[in-house]
There are 2 protein chains.
Amino acid sequence: MYSKELLKGTLSVIILKLLSEHKRMYGYEIFKLVKERSDEKILLKDGSLYPALQKMNRDGLISFEKEYIGKRVRKYYYLTPEGESAKTTHIEELKDFMKTLDKIIFNQLNPI
Amino acid sequence: MYSKELLKGTLSVIILKLLSEHKRMYGYEIFKLVKERSDEKILLKDGSLYPALQKMNRDGLISFEKEYIGKRVRKYYYLTPEGESAKTTHIEELKDFMKTLDKIIFNQLNPI
DNA sequence: TTTAATACATAGAATTATGATGTATTGATA
DNA sequence: TATCAATACATCATAATTCTATGTATTAAA
């Protein structure tokens, strides 16, 4: 597990990216995919993931459809057109930021 | 300028790294070097930098010596032994985190 | 039948960067 | 010489975001 603060600013980008890959995911599914791709190093907390999804919904980046699997509720989230374009700009920003960090901390590693 | 949240968790690592390179720097010098290396994209605010330095001092990672250039005060900060080892672990953590982000968001770019 | 996994939620705490504001010196320029 | 930009520090309230703790409830497996 990483320092709590490192995830800040990247969680929403992660969610945008995963939704753009899968079109339709529910919270717990996002949790599992992040866990898997991060080799168990990012274990999203309920208290992080669900409020984040709600905020992104309020901000118009994602919508959801409720579905009942048996009696269990699922909220399937998907990107809105706004979310789609936010994804692109936020990923670009993150990429740029990481390149900048590389330059500052790891000393011009990526000579692109 | 990047989203405010992206810097969270990385500012102290940046400071640790720059101090380990230069042995001795004052706040404004750190500001200028970060500005330069980031191509003007990270412009540390007084309200971010000075409180961060004070916190790192409280945490025992850095110390300082006051110096007077004419009548102007400067606080030259330097790494303590604790700060030296914190630097190593925090940089490793950040490197690892960035690799994980690569895997999640940019899809296995660095096949190391 | 008990436990782990699934699936959602909220409230309060903690952390940290920012904005706003303040003081004061120094060098350049008009 | 007067003014402005740059230098150099500081604090406080605010904003944003993740985490901890807690809660409810279903389902599958042991």
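Each chain gets a letter, A, B and so on, in the order the sequences are listed, and its residues count up from 1. Since the structure is predicted, the reported quantities are computational estimates derived from the model, not experimental observations. Any value given below was found using the heavy atoms of this structure, including those in side chains, with hydrogens, waters and symmetry copies removed.
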Please identify each residue that fulfils side chain to side chain contact (heavy atoms under 4.5 Å, CB included) with [X], with sequence neighbours left out.
X: E92(B); result: K95(B)
X: S20(A); result: K17(A), L79(A), E84(A), K87(A)
X: D96(B); result: Y2(A), K41(A), T100(B)

Any N/O pairs under 3.5 Å between the protein and nucleotides 19-22 of chain D? List them or say none.
| residue | atom | partner | partner atom | Å |
| --- | --- | --- | --- | --- |
| dC19(D) | OP2 | S48(A) | OG | 2.0 |
| dC19(D) | N4 | G47(A) | O | 3.2 |

Expressed as a whole number of angstroms, how long is the span from [X]:[atom1] to [N]:[atom2]?
X: M56(A); N: dT17(D); atom1: CE; atom2: P; value: 11 Å
X: R58(B); N: dT15(C); atom1: CZ; atom2: P; value: 11 Å
X: N57(B); N: dT11(D); atom1: CG; atom2: C1'; value: 16 Å
X: E5(B); N: dA15(D); atom1: CD; atom2: P; value: 13 Å
X: E65(A); N: dC8(C); atom1: CD; atom2: C1'; value: 17 Å
X: Y26(B); N: dT26(C); atom1: OH; atom2: C1'; value: 12 Å
X: H90(B); N: dT15(C); atom1: NE2; atom2: C1'; value: 14 Å
X: Y2(B); N: dT18(C); atom1: OH; atom2: P; value: 13 Å

Ignoring the backbone of Y50(B), work out which of dA7(C), dT16(C), dC9(D) is nearest its side chain.
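Nearest nucleotide to the side chain: dC9(D).
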Pairs satisfying ring-ring contact (aromatic ring centres under 6.0 Å, His included), at least one member in residues 60-79 of chain A, at least two apart:
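Found Y26(A)-Y76(A), F64(A)-Y77(A).
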Have a look at K71(A) and say if it touches a base, only the backbone sugar-phosphate, or nothing, with a 4.0 Å heavy-atom cut-off.
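Contact class for K71(A): sugar-phosphate only.
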Please tell me if K66(B) has a side-chain N or O lying less than 4.0 Å from either OP1 or OP2 of dC9(D).
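No.
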Report yes if at least one side-chain N or O of Q54(A) is closer than 4.0 Å to OP1 or OP2 of dT10(C); otherwise report no.
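Affirmative; the distance criterion is met.
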Is it true that E65(A) and R24(A) have a side-chain N and a carboxylate O under 4.0 angstrom from each other?
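Counted as a salt bridge, because a side-chain N and a carboxylate O are separated by less than 4.0 Å.
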Worked verdict on S3(A) versus E5(A) for side chain to side chain donor-acceptor pair (under 3.5 Å):
CA-CA 5 Å; S3(A) 140; E5(A) 303 304 324; over 6 Å; no
Under the rule for side chain to side chain donor-acceptor pair (under 3.5 Å), what residues qualify as partners of D59(B), not counting sequence neighbours?
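With neighbours one apart ignored, the set is K55(B).
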